[in-house]
Amino acid sequence: MGKWVGVDGWEVDTVVLNGRQVLRVRHLGYHITFAQTVAEVAELVDLADLVEVVSLPARPS
């Protein structure tokens, strides 16, 4: 599962809906749509503006 954020409050993440993986698009925290393809996301958000959010492992104490 991945998460991407962009300028102006856009967020895209992968979720499982009815047993299928889809892309959830949100703007300023509000749900906009569930997209089946990246092309559908590109109709709303400039893909070049999105960056992936990566969780880094915690540093040992």
Side-chain angles (χ1 to χ4, degrees):
M1 299 281 202
K3 179 175 182 173
W4 297 265
V5 296
V7 296
D8 298 326
W10 287 97
E11 298 178 37
V12 178
D13 57 342
T14 55
V15 296
V16 176
L17 184 65
N18 298 326
R20 296 191 56 177
Q21 186 170 327
V22 296
L23 298 161
R24 177 175 53 190
V25 181
R26 295 187 289 176
H27 185 242
L28 299 174
Y30 292 96
H31 172 78
I32 303 301
T33 192
F34 290 113
Q36 300 291 325
T37 66
V38 174
E40 292 176 14
V41 175
E43 292 175 11
L44 300 167
V45 182
D46 184 351
L47 299 178
D49 289 337
L50 295 176
V51 293
E52 187 172 12
V53 177
V54 179
S55 297
L56 299 176
R59 290 177 52 184
S61 311

Flag the pair Thr14 / Trp4 as yes when at least one side-chain heavy-atom distance between them is below 4.5 Å, and no otherwise.
-> yes
Approximate separation, where rounding is to 0.5 Å, of Asn18 CG and Phe34 CZ = 9.0 Å
Going by side-chain heavy atoms closer than 4.5 Å, which hydrophobic residues are tied to Val53, directly or by a chain of links?
-> Val5, Val51
For Val54, all residues meeting side chain to side chain contact (heavy atoms under 4.5 Å, CB included), sequence neighbours excluded = Glu52, Leu56
First locate atom CG of Leu23, then atom OG1 of Thr37, and finally report the distance between them rounded to the nearest 0.5 Å.
-> 8.0 Å
Answer whether the closest heavy-atom distance between the side chains of Trp10 and Leu28 falls below 4.5 Å.
-> no
Report, one line per pair, each donor and acceptor closer than 3.5 Å where one atom sits in a side chain of residues 39-47; sequence neighbours left out.
{"residue": "Glu40", "atom": "OE1", "partner": "Gln36", "partner atom": "N", "Å": "2.8"}
{"residue": "Asp46", "atom": "OD1", "partner": "Ala48", "partner atom": "N", "Å": "3.1"}

ILVMFWY cluster, Val38 and Ile32 together (side-chain gap under 4.5 Å) = yes
May I ask you to decide if Arg24's main-chain N or O and His31's side chain share a donor-acceptor pair within less than 3.5 Å?
-> no
